[in-house]
Number of protein chains: 2
Amino acid sequence: MTATQELTKNQSLVFDALARADGPLSAYTILDQLRNDGFRAPLQVYRALDKLLDYGMIHRLESINAFVACAHPHTHSHGHGMIAFAICEKCGQVSEFSDDIITGRVREWTNSNGFKQSKTTIEIRGVCANCGTA
Amino acid sequence: MTATQELTKNQSLVFDALARADGPLSAYTILDQLRNDGFRAPLQVYRALDKLLDYGMIHRLESINAFVACAHPHTHSHGHGMIAFAICEKCGQVSEFSDDIITGRVREWTNSNGFKQSKTTIEIRGVCANCGTA
DNA sequence: TGACAAATGTAATAACATCACATATCGAAA
DNA sequence: TTTCGATATGTGATGTTATTACATTTGTCA
Ligand SMILES: [Zn+2]
Ligand SMILES: [Zn+2]
Ligand SMILES: [Zn+2]
Ligand SMILES: [Zn+2]
């Protein structure tokens, strides 16, 4: 659980698959890519994904049931701010950004409503600049 | 498609199921509740849900694969602002709110990145005030 | 009436995720 | 070094969520 997490074999395989992809992958897509590495069952993927999420090395995109390597590999865990994802529905590209003002506004709402937040998802669906000009 | 949408039979049944629930329901839970009303297949539910989403009468909670009646029944479509949901993981209660500053910050990011947003999801997972004091 | 759009019924299948149980691997304590 | 517990892995079955494909019905309007 240090800056550069020591990964097990399966965790490394799954992380590498995500890291070399140019966009988000579903668990079953990862499974198919790793058949030649000995993967046979969904749980092998899901267990590795769970750990990588714990370590902050990947993110889950709730709105498309897919996973993506963190775009800020040297800033794991993103402090305590929340992360927003812009997901292009044409090419699949995902842009990751954080915004202190949004983080602050959300925290204001939760504080004034006595709500203890554990995880916050912000996902913007649409068409990226490249695909929009096509 | 007027202020109070004229609903078909299936749409009414699905909407009423959501409206009388005290929290979000999955499509299959709705299906089970409507067996006695003649529902037999998932598609009957999903087709009604799609229309109700179009009409802005319900929302889909991406992070839990569930649906909830809009908490602002007389303000369908919420103008053009985005809506945030606070979802209690203990009791399932969902609070719906919108925030012009968050909406503005998201729009600033999309504008300056040439990203055309179509739908934006903000979901805060955690524990509500009631459940937190228990 | 005829024609078209919208809604519905039904079965099958696809896509996503977890449970249950057995086995293996590794490091620390005795 | 042996034993033990925690972590990781292998595998099949199952559970959950959503869509495809095709047939039929219903409502609207010329
Ligand atoms: Zn990240
Ligand atoms: Zn794109
Ligand atoms: Zn609403
Ligand atoms: Zn609660």
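Here the structure is a predicted model, which means the values were calculated and not measured. Every chain is numbered from 1 and lettered A, B, ... according to where its sequence line falls, protein lines coming before strand lines.
One can place NZ of B:Lys9 at 12 Å from C1' of C:dA7, the figure rounded to the nearest angstrom. Separating the CG atom of A:Leu43 from the C1' atom of C:dA24 is a distance of 16 Å, rounded to the nearest angstrom. Between the CD1 atom of B:Ile64 and the C1' atom of C:dA17 there is a distance of 16 Å, rounded to whole Å. When the P atom of C:dC16 is taken as reference, atom CG of A:Leu61 falls 13 Å away, rounded to whole Å. Rounding to whole angstrom units, CG of residue B:Leu13 and P of C:dT8 are separated by 9 Å. Atoms CZ (A:Arg47) and C1' (C:dA17) sit 13 Å apart, rounded to a whole Å. In this structure, B:Arg40 places its CZ atom 10 Å from C1' of C:dG9, rounding to the nearest Å. Atom CG of B:Asp50 is separated from atom C1' of C:dT8 by 14 Å (rounded to the nearest Å).
Taken from CD1 in A:Ile30 to CG in A:Leu13, the straight-line distance is 11.0 Å, to the nearest 0.5 Å.
Within the structure, a side-chain polar atom (N or O) of B:Gln44 is placed less than 4.0 Å from OP1 or OP2 of C:dG9. Applying the 4.0 Å criterion to OP1 and OP2 of C:dA7, one finds that B:Asn10 has every side-chain N and O outside that range.
Out of C:dA7, C:dC21, C:dA17, the shortest distance to the side chain of B:Lys51 is found at C:dA7.
For the pair B:Ser26/B:Asn65, no side-chain contact is recorded, criterion being any heavy-atom separation below 4.5 Å from C-beta on. When side chains are defined from C-beta on, A:Asp99 does not count as touching B:Trp109, because their heavy atoms never get closer than 4.5 Å.
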Dump every N/O contact between nucleotides 25-28 of chain C and the protein below 3.5 Å, one line per pair.
none

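For B:Ala48 and A:Pro42, each mapped to the nucleotide of DNA chain C holding its nearest heavy atom, the one lying further toward the 5' end belongs to B:Ala48.
Judged by distance alone, with hydrogens and angles left aside, the side-chain atoms of A:Glu96 form no donor-acceptor pair with the main-chain N or O of A:Ile83 at under 3.5 Å.
Remark: A:Ser26, A:Tyr28 in residues 17-35 of chain A come within less than 4.0 Å of DNA chain C through at least one heavy atom.
Here chain B contacts DNA chain D (any atom closer than 4.0 Å to a heavy atom, that is under 4.0 Å), and the contacts span D:dT17 to D:dA21 from 5' to 3'.
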